[in-house]
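Input: one structure, supplied below.
Order of appearance sets the numbers: ligands from 1, and atoms from 1 within every ligand. None of these values were measured; they are calculated from a predicted model.
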Amino acid sequence: MTIAIVGGGLAGATAATELRAQGYDGDVVIFAAEDHLPYERPPLSKEVLIGDKEADSAQVHDEDWYRENNVRLERGVKVVSIDPTAHTLRTEPVAGGDSTEQSYDKLLLATGASARHFDVADRVADPVYLRTVEDNARLRAALVPGAKVVIVGAGWIGLEVASAARQRGAEVTIFEVSELPLLGVLGPEIAQSFADLHRHHGVDLRLSTSVDEAALTAADVVVVGIGAIPSTELAEQAGLSIDRGILVDENLRTSDPDIYAIGDVATQQHPVLGRRIRVEHWDTAIEQGKVAAHNLAGGNEQYTHLPYFFTDQYDLGMEYFGSVGPDGYDRVDIEGDLDVADGGAFRAYWVKDGVVSAAMHANDWDSSDAVRDSVGTAR
Ligand code: FAD
C-alpha cells in the first residue's frame with residue numbers, strides 16, 4: 001500500500017514520522033515543493049531571526065532519518081493535479097522538467113498556507129512576507145543596527161519580527177489599522193499590555209492607521225504580516241469540498257474517503273467545539289499529523305485536541321489554549337499583573353455562558369497545566 005503526502009511542512013513530516021512510529025511498513029512518499037528538508041517555521045520569526053540559532057536547527061529530522069525510515073522525500077517537487085478516481089497524482093519539479101505520475105492508495109494533503117499579500121508593490125519594490133527560510137535569510141540580513149524597518153500589521157508575526165529587529169538594533173515602525181495590536185484575539189486590556197511592551201522596547205507603534213507613504217519610502221526593509229491564505233488549489237482541482245480551507249470531518253477525512261487533510265490548510269468539523277475551525281498553529285500541525293497517520297494506516301480516530309499556540313517577544317513568553325467561538329465571550333477574568341513590560345505575569349480566562357472557552361498565561365509557566373485544564377470548565 002502507498003501513502004502519498006503532499007506538502008513537506010511540519011504537518012506532512014509529522015504524519016510520516018508517526019506512520020513509522022505507529023508501525024506502518026508500507027510505502028510512504030512526501031512531495032515537498034520547497035527544496036529543503038521539512039522544517040518548523042516558528043523559529044523563523046524568533047531565535048533564527050534574532051541570530052541565536054541557524055535555520056538548520058529548525059529541521060524536523062536530518063537527511064539520514066528519511067533514508068533510515070524508508071520515507072521517500074521528493075524535494076523541490078510540486079503536485080500539480082490529483083485524479084481521485086484513478087488514485088493517481090501528477091508531479092512536476094519546481095525548477096522545471098518532466099512531469100511524473102504517482103499512484104496512491106491513501107493521500108494526505110498538508111499543503112499549508114502562504115502569506116497574504118498587500119498592495120504595496122507600487123511603492124515598495126520587494127516587501128518581505130515571512131514564511132520560508134529564504135524569506136528569513138533575506139530579512140535577517142537586512143536587520144542591521146540602525147536599519148529602518150517598517151512592519152505592516154501588528155499580528156503575531158509582525159510583533160515577533162519587531163521584537164527580533166529591536167534585539168538586532170534596528171529602528172522599527174509598525175502600522176496597524178486596528179486600535180490595538182491583537183485586539184480581536186485578546187481583547188482591549190491584554191492587547192494594551194502588548195502595545196505597552198513594544199513601546200517600552202522602542203517600537204514606534206502607529207495604531208488605527210494604514211501605512212504612511214513617507215515611512216514606506218524611507219524604509220530599508222518593509223515586512224508585511226497580514227495573515228495567511230490556505231493553499232487549497234490542488235484540493236479544488238480534485239473536486240474536494242472547501243470551506244475557507246479543505247473541509248475535513250471529525251476524523252480529518254475530506255469529502256473523498258481516501259484523502260485526508262491536516263494543518264494550516266484544513267478546516268475541521270471539530271467534535272468537541274461542535275463547529276468548523278481552521279487553525280494555523282504549530283501544535284495543530286503536529287497533533288493532527290499523529291491522528292492522520294493513524295487513520296491513513298486504517299484507524300478510525302477522531303481529532304479532539306483543542307487549539308494551542310505560543311509566542312515569544314523580548315522576555316515575554318505566553319501560551320494560549322482553547323478557542324473563543326463566533327459568539328464571542330461574556331467577560332475576560334484577568335489574574336495577576338498586566339505590566340509585562342516590567343516583568344509582570346498574568347493569567348486570563350475567556351468566559352462564555354459560565355464556561356471557560358479559552359485561557360492564556362503570560363510569563364507564568366508554573367500555571368501552564370492549570371490554565372490549559374481550565375478550558376471547558378465552569379467559571
Ligand atoms: P506549512 O508549514 O505551510 O507547510 C506546507 C508545505 O507544503 C510548504 O512547504 C509548501 O511549499 C508545500 N506545498 C504546498 N503545496 C504543495 C504542492 N502542491 N506540492 C508539494 N508541496 C506543496 N505557530 C505557533 O503556534 N506559534 C508560533 O510561534 C508560530 N510562529 C510562526 C512564525 C512564522 C514566521 C510562520 C510563517 C508561522 C508560524 N506559526 C506559529 C505557524 C506554524 O508555523 C504553522 O501553523 C505550521 O507551519 C503549519 O504547518 P503545515 O505543515 O500545515 O503548513
Here the atoms of ligand 1 under 4.0 Å from any heavy atom belonging to Ala285 are 49 (O)

Nearest heavy-atom contact between Phe346 and Asp337 is CD2-O, 3.6 Å

Q) Does an N or O from Leu10, backbone or side chain, lie closer than 3.5 Å to an N or O of ligand 1? A) yes

Note: Arg67-Asp64 ion pair, threshold 4.0 Å (strictly below) = yes

Note to self: Check Lys53 with Glu40, please: is the shortest side-chain N to carboxylate O separation under 4.0 Å?
What the structure shows: no

Logged contact type for Thr111 with ligand 1, heavy-atom cut-off 4.0 Å, is both

Any heavy atom of Asp264 under 4.0 Å from ligand 1? The part involved is both

Ligand 1 atoms nearer than 4.0 angstrom to some heavy atom of Lys46 are 27 (C), 28 (O), 29 (C), 30 (N)

Going by the 4.0 angstrom heavy-atom rule, the piece of Glu233 near ligand 1 is neither

At under 4.0 Å between heavy atoms, what of Glu160 touches ligand 1? The answer is side chain

Give a yes or no on this: more than 12 heavy atoms of other residues, nucleotides or ligands lie within 6.0 Å of atom CD of Glu301.
yes

Would you say Leu44 and ligand 1 have an N/O pair spaced under 3.5 Å apart?
no

Within 4.0 Å of some non-hydrogen atom of Leu130, the atoms of ligand 1 are 34 (C), 36 (C)

Return yes or no for this condition: an N or O of Val79 is under 3.5 Å from an N or O of ligand 1.
yes

Ranking Gly76, Ser45, Pro42 by closest non-hydrogen atom to atom 40 (C) of ligand 1, top hit is Pro42

Worksheet item: Hey, does the side chain of Asp220 reach the backbone of Ala147 with a donor-acceptor pair shorter than 3.5 angstrom?
Response: no

>> For the residue pair Tyr329 / Arg331, report whether a side-chain donor-acceptor contact shorter than 3.5 Å exists.
In response: no

In ligand 1, the atoms that come under 4.0 Å of a heavy atom of Leu234 are 18 (N)

In ligand 1, the atoms that come under 4.0 Å of a heavy atom of Glu34 are 8 (C), 9 (O), 11 (O)

Say whether, by atom type as modelled, one donor and one acceptor occur between the side chain of Asp212 and the main chain of Ala214 under 3.5 angstrom.
-> yes

Looking only at heavy atoms, the pair that brings Ala55 and Val133 closest together is CB-CG1, 4.2 Å

Going by the 4.0 angstrom heavy-atom rule, the piece of Ile157 near ligand 1 is side chain

Of all protein heavy atoms, the one nearest atom 7 (O) of ligand 1 is Gly7 CA, 3.2 Å

inquiry  = Can you confirm whether the side chains of Glu134 and His36 place a donor and an acceptor under 3.5 Å from each other?
reply    = yes

Q) Does a donor on one side chain and an acceptor on the other come within less than 3.5 Å for Asn69 and His61? A) no

Any heavy atom of Ala113 under 4.0 Å from ligand 1? The part involved is backbone

Contact region, Glu280 to ligand 1, non-hydrogen atoms below 4.0 Å, reads backbone

of all protein heavy atoms, closest to atom 53 (O) of ligand 1 is Gly112 CA, 3.2 Å

Under a plain distance cut-off of 3.5 Å, with no hydrogens placed, do Glu287 and Tyr303 share a side-chain donor-acceptor pair? no

protein heavy-atom neighbour closest to atom 2 (O) of ligand 1 works out as Arg41 NE, 2.6 Å

Among non-hydrogen protein atoms, atom 17 (C) of ligand 1 lies closest to Val6 CG1, 3.7 Å

(Q) Under 3.5 Å, is there a donor on one side chain and an acceptor on the other for Ser193 and Glu189? (A) no

- Before giving the answer on salt bridge (Lys or Arg N to Asp or Glu O under 4.0 Å), spell out for Arg138 and Asp135 the whole-Å C-alpha distance, their side-chain angles and the decisive distance to 0.1 Å. CA-CA 5 Å; Arg138 215 184 113 209; Asp135 302 331; 5.6 Å; no

Going by the 4.0 angstrom heavy-atom rule, the piece of Ala33 near ligand 1 is both

Note: ligand 1 atoms sitting under 4.0 Å from heavy atoms of Gly263 are 52 (O)

Taking only non-hydrogen atoms of Val77 and a 4.0 Å limit, the atoms of ligand 1 in range are 20 (C)

Note: ligand 1 atoms sitting under 4.0 Å from heavy atoms of Gly9 are 4 (O), 6 (C), 51 (O)

among protein heavy atoms, the one nearest atom 51 (O) of ligand 1 is Ala11 N, 2.9 Å

### Query
Is the backbone of Lys106 close enough, under 3.5 Å, to the side chain of His87 for a donor and an acceptor to pair up by distance?
no

Note: Phe310, heavy atoms under 4.0 Å from ligand 1, region reported as both

By side-chain contact (heavy atoms from CB on, under 4.5 Å), Arg244 pairs with (sequence neighbours left out) Thr267, Arg276

Value for CD1 (Ile242) from CD (Glu233), rounded to nearest 0.5 Å, stands at 9.5 Å

Closest heavy-atom approach to atom 25 (O) of ligand 1 among Tyr39, Trp282, Trp156, Tyr129 is made by Trp282

Open item on the list: Under 3.5 Å, is there a donor on one side chain and an acceptor on the other for Glu236 and Thr232?
Closed with: yes

| message | If I apply the N/O under 3.5 Å rule, does Arg131 come out as touching ligand 1? | response | yes

| said: Tell me whether His281 has any N or O atom under 3.5 angstrom from an N or O of ligand 1. | reply: yes

